[in-house]
Number of protein chains: 2
Amino acid sequence: MPTSKDVAEAAGVAQSTVSYVLSGKRPISEKTRKKVEAAIEQLTYQPNAGARALASRKTRVIGLVIPFIPELHMASIMEFVSVIATTARQYDHDILLVTEDEGAAGLRRVVGQQICDGLILMQVEGEDERLPVARTLNVPVVLIGIPRDPSGLVCIDADFEMAGEQCVRDLAAAGHSVISVIDWQPEVVDRHVNYVDRFMGGTDTAARAVGVTVQHLPGGADRETIAASVDKALAQTTGVPAFIAPDGTVQDILRRTLASRGLTPGVDVSVIGSASPTLAELQPIPLSTIDLRPGEVSRRAVKIICQLLSTDSQGPHESLELVPTVITHRASTLCPPRTA
Amino acid sequence: MPTSKDVAEAAGVAQSTVSYVLSGKRPISEKTRKKVEAAIEQLTYQPNAGARALASRKTRVIGLVIPFIPELHMASIMEFVSVIATTARQYDHDILLVTEDEGAAGLRRVVGQQICDGLILMQVEGEDERLPVARTLNVPVVLIGIPRDPSGLVCIDADFEMAGEQCVRDLAAAGHSVISVIDWQPEVVDRHVNYVDRFMGGTDTAARAVGVTVQHLPGGADRETIAASVDKALAQTTGVPAFIAPDGTVQDILRRTLASRGLTPGVDVSVIGSASPTLAELQPIPLSTIDLRPGEVSRRAVKIICQLLSTDSQGPHESLELVPTVITHRASTLCPPRTA
DNA sequence: GCGAATCGTCGATGCGTATCGACGATGGTC
DNA sequence: GACCATCGTCGATACGCATCGACGATTCGC
């Protein structure tokens, strides 16, 4: 492997000159620059990351803490991971994976060994042993998700409250007067995951504002529970029933349950779920969705941390950014107002 | 951040002694070791990764090249990623993400800058511009998947041929004489992805060996195509029909198609798919599966590369390891032979 | 045509660790 | 008790780059 010293010799300049050509931190004459660049090209020189990190105290690596796999949300996690990695490259950074099972010690390790300059924590919920640690680490940390106590932390997440509001307002506008929200799976609800409360709060706010009834019914991965919820909703609704089912598994079961009751989404009943546009289009009846835009959340998370890194302002930061959600009407809801 | 020099001063020894305590590469008296360890503890010293890499020429980081996201296989990709990251930690290594969209240049970059000591390439299929590059990089590379020309490369993958054989043999043993294999999606088949051929080869081999008929029918994400395939299979089968549907999306459509024809898997018809045990159990009728064991493949990939790294034998290596698949009979196949 | 400001380049140094040769202290041998 | 091997520790150096101060060469103003 050639070093910058080799390049310097080949170009007939000092090693420091090579460094300045690369960094642009001092003016270099056109002539010298050409010579150096030619030598770099010819030797296929690439700077050594370790040496660079040692001298500059910057690794240009961001640690990404991925959640322990609950088997079902893996696809959505991968979307975050993929976009984060790609976006980081646009800022000339790389992504180092840290698995959640390393816990708070993992954070201390990668920061303490100076393997990375900052951290992104995915899927932060409620309480978390890593949060107090994150606050005291002297590197930028960005959370995707909002913990119960976000003080002293930089957070970004989809605007779940807006999502809840949008769903209810649009269903109300389509003529529904009773709207049933099928909960996430009980494990999620019981953890009192922040985003569930925010979503539910949004639906209730909108219900009050536009004068419709919103009822929350138990969901889960269990077909009997959901079937019971559906039947209860059907019994209590006088007009055309409307369902909001944020969870993908719940959507599957809801779809089959409605079919077995002889109800067709978009005709006898409205259904809105949360899903990516691609998945929504693949459904037998394309699903009207509230898109939580994981890609956009990921991009912004990377942008935020890279800004923090470039200004490397030491002190603790605190901010909270919510990414607007997008509602798209497809075939599973009654016509007005149909967009997209 | 404390350095090994700080630790040395606190312990009253030389910096090199601290290094030897940590590495164990020279004998250290019990007394000195205690002093040094106490100082490390007290200062919460952690060695600087950059300096370590510079001096030792080892980063203890493995680059993981993840495929560009085709949206549907994201969940299975995440399973690989997660297990690889966790396993790497067991060998005291970290994982750096490299996205496929960086292409061959990405490989040159991370290796040339010496950001990582070796690479794992995921989901390698047929031809790939990165393969010739991988062969010339002077670091260990392990492929998950088998390219058309595996010469000079270290590969590991599930044993798709064995998978095909197992499916056919077990269905034959259960009394089926005609077995229909529903293809993967056409984009996959057209790429002439290696594993498809291997799987199909396995089914044909077993068919010949046990004297049953295996027919291959078009699959895809398209319900009409699959429905047509199913009807064709039903028409051509005299005994109890049997289906093998490796692809998850195909399974979904197959399930509904059979239901609409009034056929119940495990009673009127046998169905074997490829899926994780967890997902298989979640089905309305638990699916008999051929498990391709992505976790095991991942673990072995990490193990292989870590062995190559520890022996750092320079020359190009070549090997091919196939991970045995596991067939598990659940409710979707006829009784004999039912296991698990 | 002289001093001052500017520009472009160089040499030296430091970043924190691993590793090599050296050397004092110990223990054993005859 | 003189000699040698072994053990444990130290000091020095190298790893490859970034960065700082210095300095010769220009350029400009007057």
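Residue numbers start from 1 in every chain, and the chains themselves are labelled A, B, ... in the order their sequence lines are given, proteins ahead of strands. Note: hydrogens, waters and symmetry copies are ignored here, and every other heavy atom, side chains too, is used.
A side-chain donor-acceptor contact under 3.5 Å links B:Asp117 to the backbone of B:Thr59. Counting only distance, with no hydrogens or angles, the side chain of B:Arg135 and the backbone of B:Ser151 share a donor-acceptor pair below 3.5 Å.
Per the geometry, OH belonging to B:Tyr20 stands 7 Å off C1' belonging to C:dA18, to the nearest Å.
Of the side-chain N and O atoms in A:Arg33, none sit less than 4.0 angstrom from OP1 or OP2 of C:dG8. Distances shorter than 4.0 Å separate some side-chain N or O of B:Tyr45 from OP1 or OP2 on C:dT17. Contact annotation: B:Arg52 reaches the phosphate of C:dA18 (side-chain N/O to OP1 or OP2, under 4.0 Å). Proximity of A:Lys25 to the phosphate of D:dT19: a side-chain N or O atom is located under 4.0 Å from OP1 or OP2. Phosphate proximity of C:dA18 to B:Ser56: absent, as no side-chain N or O sits under 4.0 Å from OP1 or OP2. In terms of phosphate contacts, A:Ser29 brings no side-chain nitrogen or oxygen within less than 4.0 Å of OP1 or OP2 of C:dG8. Between A:Ser4 and D:dC17, a side-chain N or O to OP1/OP2 separation shorter than 4.0 Å is present. Regarding contacts with the backbone of D:dC10, a side-chain N or O of B:Thr17 is found under 4.0 angstrom from either OP1 or OP2.
From B:Ile66, atom CD1 reaches atom CD of B:Glu100 across 9.0 Å, with rounding to the nearest 0.5 Å.
Contacts of B:Val18 with the nucleic acid, taken as non-hydrogen atoms under 4.0 Å apart, are absent. Counting non-hydrogen atoms under 4.0 angstrom, B:Arg57 reaches the backbone sugars and phosphates but no base. Counting any heavy atom pair closer than 4.0 Å across all strands shown, A:Thr3 reaches sugar-phosphate atoms only and no base atom.
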